[in-house]
*Asks:* 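Encoded as C-alpha cells, here's the structure I'll be asking about.
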Amino acid sequence: MAPTLRSFLGTRAPAAEVTGGAAPGAPDAPHVAAADDRAADDRAAADRAAAEERAVAPAPALVVARGLVKRFGRFTAVDGVSFEIARGECFGFLGPNGAGKTSTMRMIACMSPVSGGTLRVLGMDPAIDGTKIRARLGLVPQEDSLDLELTVLDNLVVYARYFDVPRADARRRAADLLEFAQLSERAHDRVEPLSGGMKRRLTIARALMSQPDLMILDEPTTGLDPQARHLLWDRLYRLKQDGVTLVVTTHYMEEAEQLCDRLVIMDHGRIAAHGTPRELVERYVTREVVELRFATAHDQAAALPLGELARRVEVLPDRMLLYADDGEQILAEAERRGWSPVSGLVRRATLEDVFLRLTGRSLVD
Amino acid sequence: MTRAARDGARPLWLRSLGYWAFRYKRTWRSSMTETFVEPVLYLAAMGIGLGTLVDHHVHQVQGVSYLAFVGPGLLASAAMQVGVSESTYPVMGALKWLKTYEAMLATPLRVVDVLRGHLAWIVLRLATVSCAFLGTLAAFGLTRSWEAAVALPAGVLTGVAFAAPIAAFSATQEKDAAFSVIYRFGVVPLFLFSGVFFPITRLPGWLQPLAQVTPLYHGVALCRSLVLGDASLADSIGHAAYLVALAAAGYAAASATYRRRLVV
Ligand SMILES: Nc1ncnc2c1ncn2[C@@H]1O[C@H](COP(=O)(O)OP(=O)(O)OP(=O)(O)O)[C@@H](O)[C@H]1O
Ligand SMILES: [Mg+2]
C-alpha cells in the first residue's frame, strides 16, 4: 500500500492566485448525473461531490485558450481551439493520431510557442512568463526523456534541481514519490533496463518532484499492460483527490471516462466536441447500443429494416450496430420477425461510441 | 515548502550546468584516463622517446629541447580533443538519444540556459584537463615562469574555440555520421599539421598560410609561448583574439541552431 501524497502535498503553500491575463470565465458547470448503477462506487461519489462544489463556486481557470493555433511551416496542426481548464479538475484531450493533442499539450507546457490565438496558463502569458509558469507545471511527455545512464533516484534528484529544490528536500521527496510510484526497490538501479511501465511511472514521479499546481500528462498509459495501467490510473486519481489539476491525453476511452471530469475530442486540429463524459454520451449517442452479428451478409441485409426502430444504424462488415434508448425492444423485434442474429448484444453506449461517431471509423492517415 | 523556495533563485544556466556536473560525478571513472593518464603517456612517448631521437640529431627545436617544445603543443591539442568530443556526441545525445535538453525545457530553464549550462560544463572540463596537463608539464620541469599559469585559460580558450562552433553544428544534425568526418578530416589533420610536433615553417610554403588560419595553430602558439615564458604581448593578444572571435561566433551560431532545433 503506497502512502497518499497528502503527506507532502498537504504542506504546500496555498496556490498563488491567478492574476492578470484574460479574465477567466466560469467553466461550464459540470453536469451531475443522477444516481445510476455505475455511479455506485466511491470514486464516482467523490467526483460528484467535487463537481457539485465547483458548480457552486467555480474555481478560476488555470488554463484559458482562445482560438489557439499551432502551425509547423505551412501545416496547421492545431486549428483554433478554445477551452478552459479549472483548478482541481481532470481535463482530457481525446483524438485520433495526429489530431493535435501533443501539439496542444506542448503549448500549454510553455515548450512550444503559440502560432495564433491566445493562451493563458496560471494567469500568465507563456510567451512572456514561460519560466515562471513552467516552475509550477509538471510535464509527462509522450516520449520518456529519462536519463537512462543514471539511477532511478538520481533521475528524480537531478530533475528537482532544475527547479532549485534544495538537495535534502529533493532526496526526501524522491523517497516519497518512489514509494508512490512503487519503485522504491529499484531506487539504485540504472533506468535503462527498467520496463516501459516502470519508466512511465518514474516519469510521472519526476514530474511531481516540483510539487506542480498543474500536471500535463501526454498519453501516460500508452504501451502499458493492464496491471500497470490500473496502477497508474489509481495514482492519477489520488493526485486529483489531493487537489492537483490534471490535463491528460489518452487513447483509452475507459480511462477518460473514469478519470476526466471534462474532456474535448479533437480531430484534424479542431475540437469536435466537449463536455463531461456523460454529457457527450447523451448528446452524441443513445443510451444503449445493440450489436447484431449475422451468419451471412445476406441475412444482415435482410435485417436492415430493423434500423427504423433505432435512432441510428451503423453497418460494419462483420456486424450491425443499432443505437437506441431501449435495446431489448429491438432485440425482441428481431426475434419476432424471424431475423435471428447469430449473436445479439445490448450494451450501454460508451465514450468510445462517441469517439468513433465523431472521428470516423477508418484511419485517416 | 514555501513558494519562494519552490521557485528558487539560482541562475538558470547554473542548474543546467549542475546536471552535467552531477552526471559526471556518477560516471567520472570512464574519463579518468583521458584526463590524467593520457597527458603522461603522450609526454612520455613523444617527449622522452621521440624527443631523445630528435634532440640527438637536431639538438634543439626553436631553442628548447623537443620535450619542452612538444609539451605545450600537446596541451593545446588535448584541449581541442576534449572540446570536440564534448560538443559532438554529448550534444547529439542530449538532443535526440536521451532527450536531456527536452527534459530541461519542461522546467524553468530556457533554451539559452540549456546552451550556456552545457558550454559552461565544457569550460569546466577543459579547465580540469588543462590543469592536469599543466601539472604534468610542471612535474617534468617544463614550465619556466609564472606565465605558464596563463596557459590554463589559454588551453580552455582553445577548447572552447572548437566546442562552441561544433556544438552549433551538432544541433543541426539528425545523425552522428558527420562526427566521424569531423574527426577524420578536422581533428586528425589539425593534430598533425598545426605545429604541435614541428614548427609550421617546416610545412611546404603553400600549406603554411592554411595552417595559420586553423584554430589549433593559434592555440598551440599561445600555449607554447606562455609555457616557455617567451610570449610577446602583441602575439598573445592576436592569438587569443582569434580564438575568442571563433568562440563568440560559435556561441552566436549555437544560440541560433539550438533555438531552431528546440523551439518547435
Ligand atoms: N515538429 C513538427 N514538425 C512538423 N509537423 C509536426 C511536428 N509535430 C507535430 N507535427 C504534425 O502535427 C500533427 C499533429 O501532431 P500531434 O503530435 O500534435 O498529434 P497527436 O494528437 O498528439 O497524435 P498522437 O495520438 O499520434 O500522439 C501531425 O500531423 C504531426 O505530423
Ligand atoms: Mg501525441
Side-chain angles (χ1 to χ4, degrees), chain A residues 8-9 11-16 70 72-73 77 103 105-106 109-113 129-141 143-151 154-155 157-167 169 172-173 190-192 203 206-207 209-213 216, chain B residues 1-31 89-118 120-121 258-264:
Chain A
F8 64 99
L9 285 174
T11 60
R12 285 148 40 111
K70 181 72 204 182
F72 297 107
S103 306
M105 294 301 114
R106 287 175 51 85
C110 307
M111 294 180 71
S112 173
D129 289 314
T131 288
K132 268 196 216 155
I133 299 170
R134 287 194 303 270
R136 293 167 58 191
L137 302 184
L139 177 72
V140 176
E143 283 176 55
D144 287 328
S145 56
L146 299 164
D147 192 318
L148 303 177
E149 285 159 34
L150 292 182
T151 66
D154 284 348
N155 260 280
V157 172
V158 95
Y159 197 75
R161 300 292 291 150
Y162 297 145
F163 294 84
D164 209 14
V165 176
R167 216 177 291 271
D169 289 353
R172 214 172 310 121
R173 223 177 276 171
R190 256 162 37 99
V191 167
E192 184 152 30
T203 301
R206 189 180 73 166
M209 285 297 286
S210 61
Q211 301 180 319
D213 293 327
I216 300 167
Chain B
M1 267 317 276
T2 63
R3 157 97 36 211
R6 177 137 70 115
D7 287 349
R10 204 158 48 110
L12 295 170
W13 66 272
L14 264 183
R15 305 185 196 181
S16 137
L17 169 61
Y19 162 81
W20 294 103
F22 184 95
R23 197 160 196 280
Y24 187 70
K25 252 195 324 204
R26 293 288 189 258
T27 54
W28 60 273
R29 278 179 197 85
S30 57
S31 69
Y89 296 96
V91 168
M92 173 68 57
L95 212 51
K96 280 199 80 156
W97 301 325
L98 295 174
K99 298 199 187 326
T100 311
Y101 290 160
E102 183 93 1
M104 288 178 178
L105 291 172
T107 75
L109 277 57
R110 303 157 300 167
V111 174
V112 279
D113 307 313
V114 166
L115 173 62
R116 284 180 195 160
H118 200 160
W121 168 246
Y258 268 55
R259 202 172 304 279
R260 200 171 318 138
R261 185 68 179 268
L262 292 168
V263 181
V264 285

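Lettering of chains follows the sequences in order, A, B, ..., and the numbering in each one begins at 1. The figures here come from the full heavy-atom set of this structure, side chains too, leaving out hydrogens, waters and symmetry mates.
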*Asks:* What's the separation between atom CD in E192(A) and atom CG in L98(B), rounded to the nearest 0.5 Å?
*Replies:* 8.5 Å
*Asks:* In Å and rounded to the nearest 0.5 Å, what is the CG to CZ distance from L17(B) to R161(A)?
*Replies:*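 Those atoms lie 11.5 Å apart.
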*Asks:* Please report the interatomic distance OG1(T107(B)) to CE(M209(A)), rounded to the nearest 0.5 Å.
*Replies:*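 T107(B) atom OG1 to M209(A) atom CE measures 13.0 Å (nearest 0.5 Å).
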*Asks:* Do you know which of K70(A), R106(A), R134(A) has the most heavy-atom pairs with chain B at a distance under 4.5 angstrom?
*Replies:*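 Of the options given, most contacts go to R134(A).
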*Asks:* Quick check for you: among D147(A), L137(A), V158(A), which has the greatest number of heavy-atom pairs under 4.5 Å with chain B?
*Replies:* D147(A)
*Asks:* Nearest heavy-atom pair of K99(B) and D144(A): which atoms, and what distance?
*Replies:* CD-O, 4.2 Å
*Asks:* Which region of I216(A), side chain (C-beta onward) or backbone (N, CA, C, O), has a non-hydrogen atom less than 4.5 Å from a non-hydrogen atom of chain B, or is it both or neither?
*Replies:* neither
*Asks:* Looking at W121(B), I'd like to know if its CH2 atom is crowded, meaning that more than 12 non-hydrogen atoms belonging to other residues, nucleotides or ligands lie closer than 6.0 Å.
*Replies:*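 Yes, the 6.0 Å shell around CH2 holds more than 12 heavy atoms from other groups.
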*Asks:* Counting only non-hydrogen atoms closer than 4.5 Å, does Y19(B) touch chain A with its backbone (N, CA, C, O), its side chain (CB onward), both, or neither?
*Replies:*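 Its backbone and side chain both get close to chain A.
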*Asks:* How far apart are the closest heavy atoms of V264(B) and S112(A), and which atoms are they?
*Replies:*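 Looking at all heavy atoms of both residues, the closest pair is O-OG, 2.6 Å.
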*Asks:* List the atom of A103(B), the atom of S145(A), and the distance in Å for their closest heavy-atom pair.
*Replies:*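 Answer, listing the atom of A103(B) first, then S145(A): CB-OG, 3.5 Å.
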*Asks:* If the condition is ring pair (Phe, Tyr, Trp, His ring centres under 6.0 Å), which residues does Y159(A) pass it with, not counting sequence neighbours?
*Replies:* Y162(A), F163(A)
*Asks:* Does any heavy atom of chain A fall under 4.5 Å from the side chain of L12(B), the backbone, both, or neither of them?
*Replies:* side chain
*Asks:* Return the set of residues passing salt bridge (Lys or Arg N to Asp or Glu O under 4.0 Å) with R26(B) (not counting sequence neighbours), or none when no residue passes.
*Replies:* D154(A)
*Asks:* Side chain from CB out, backbone as N, CA, C, O: work out which of these in L150(A) comes under 4.5 Å of a heavy atom of chain B, or both, or neither.
*Replies:*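 The side chain, not the backbone.
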*Asks:* Using modelled atom types only, decide if a donor and an acceptor are shared between the side chain of R110(B) and the backbone of G130(A) within a distance under 3.5 Å.
*Replies:* no
